[in-house]
Amino acid sequence: MNYWLMKSDPGDFSIDDLESRRGQTAPWDGVRNYQARNMLRDEMKIGDLAFFYNSSCEVPGIAGIMEIVKEGYPDPTAFDPEEEHYDPKNDPDKPTWYLVDVKLRRRLKRVIPLTELKRHKPLANMKVLQKGNRLSVMPVTRQEWHYILKNWK
DNA sequence: GCCAACGTTGGC
DNA sequence: GCCAACGTTGGC
């Protein structure tokens, strides 16, 4: 089983939004980065777990735990001119962009701020803490995952 | 709002 | 294939 971290700007899609969905399940659409696409399409498997990460907001940090419930399939929002993330170069016969479906497992008792994560040596190599990282989907190591859940509930 | 970091684009 | 220009991300 693999572990992931998935970023969302709460102004666009928040953990409240996910929680209020039927089945607390949602398609993780709108990712338009090739590295992230490869992970969504090829690597993320049913049963994998992922942190819900609040980005570009007042207190960036980890807000909850999700499970992958449907593996990579073409992102329909890439074909729809009405959509913000419409990609006119995307050929429906050879889709460029992919997504997975996620389901909320639980919220954390409180958001773990990025600033707190940074203070922990065992997390020093965590991808989301690296300066300049711009991936919206990234792997988390087993060690990092368990360290975080041991230190914050 | 600023700006560093990084991805993408396009001319050559 | 190089690389400058440009756009976007995201923390602060």
Side-chain angles (χ1 to χ4, degrees), chain A residues 2-21 26-44 48-68 71-102 104-141 143-145 147-153:
Chain A
N2 290 308
Y3 301 96
W4 307 93
L5 179 145
M6 302 170 83
K7 295 179 185 172
S8 183
D9 177 343
D12 297 332
F13 184 76
S14 69
I15 197 163
D16 288 337
D17 295 330
L18 179 57
E19 195 169 32
S20 64
R21 291 290 184 107
W28 200 267
D29 56 27
V31 176
R32 299 291 180 266
N33 169 283
Y34 285 101
Q35 248 182 294
R37 186 281 310 272
N38 292 344
M39 290 187 265
L40 290 164
R41 187 187 60 185
D42 306 328
E43 296 181 40
M44 301 178 77
D48 283 0
L49 298 178
F51 288 129
F52 189 114
Y53 180 87
N54 293 344
S55 69
S56 307
C57 59
E58 198 174 340
V59 183
I62 296 171
I65 297 172
M66 306 182 288
E67 179 182 349
I68 309 306
E71 288 173 16
Y73 63 101
D75 183 344
T77 67
F79 305 122
D80 183 352
E82 303 293 307
E83 288 284 346
E84 182 187 358
H85 298 286
Y86 172 59
D87 178 5
K89 287 178 294 186
N90 181 24
D91 174 3
D93 293 327
K94 256 177 66 184
T96 307
W97 305 115
Y98 282 71
L99 51 68
V100 298
D101 285 358
V102 296
L104 183 66
R105 275 222 170 161
R106 65 179 177 91
R107 309 174 68 112
L108 298 185
K109 285 188 182 144
R110 64 183 179 96
V111 173
I112 308 170
L114 180 62
T115 52
E116 271 184 49
L117 295 170
K118 280 181 175 166
R119 293 204 292 265
H120 287 250
K121 278 245 172 64
L123 300 177
N125 293 322
M126 200 174 171
K127 285 224 166 59
V128 74
L129 303 192
Q130 305 312 309
K131 195 175 179 184
N133 103 76
R134 297 175 51 194
L135 277 181
S136 62
V137 176
M138 61 183 74
V140 173
T141 69
Q143 289 79 11
E144 290 160 353
W145 182 274
Y147 181 86
I148 288 168
L149 291 184
K150 191 167 60 127
N151 284 271
W152 295 271
K153 295 299 177 184

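These figures come from a predicted structure and were not determined experimentally. All chains are named by letter (A, B, ...) in the order of the sequence lines, taking the proteins before the strands, and each is independently numbered beginning at 1.
The side-chain contact (heavy atoms from CB on, under 4.5 Å) test applied to A36(A) returns V31(A), N33(A), L135(A), S136(A), V137(A), not counting sequence neighbours. For E19(A), the side-chain contact (heavy atoms from CB on, under 4.5 Å) partners are D16(A), Q24(A), L104(A), R107(A), not counting sequence neighbours. For H120(A), the side-chain contact (heavy atoms from CB on, under 4.5 Å) partners two or more places apart in sequence, or in a different chain, are P122(A), L123(A), Y147(A), N151(A), W152(A). With sequence neighbours excluded, the residues satisfying salt bridge (Lys or Arg N to Asp or Glu O under 4.0 Å) with R32(A) are D75(A).
Residue pairs meeting the salt bridge (charged side-chain N to carboxylate O under 4.0 Å, His left out) criterion with at least one partner in residues 52-68 of chain A, sequence neighbours excluded, are E67(A)-R105(A).
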Nucleotide by nucleotide, 5' to 3', does protein get under 4.0 Å of the base (B), only the sugar-phosphate (S), or neither (-) in nucleotides 7-12 of chain C, counting heavy atoms?
BBSBSS
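Straight-line distance from the NZ atom of K131(A) to the P atom of dA5(B): 4 Å, rounded to whole Å.
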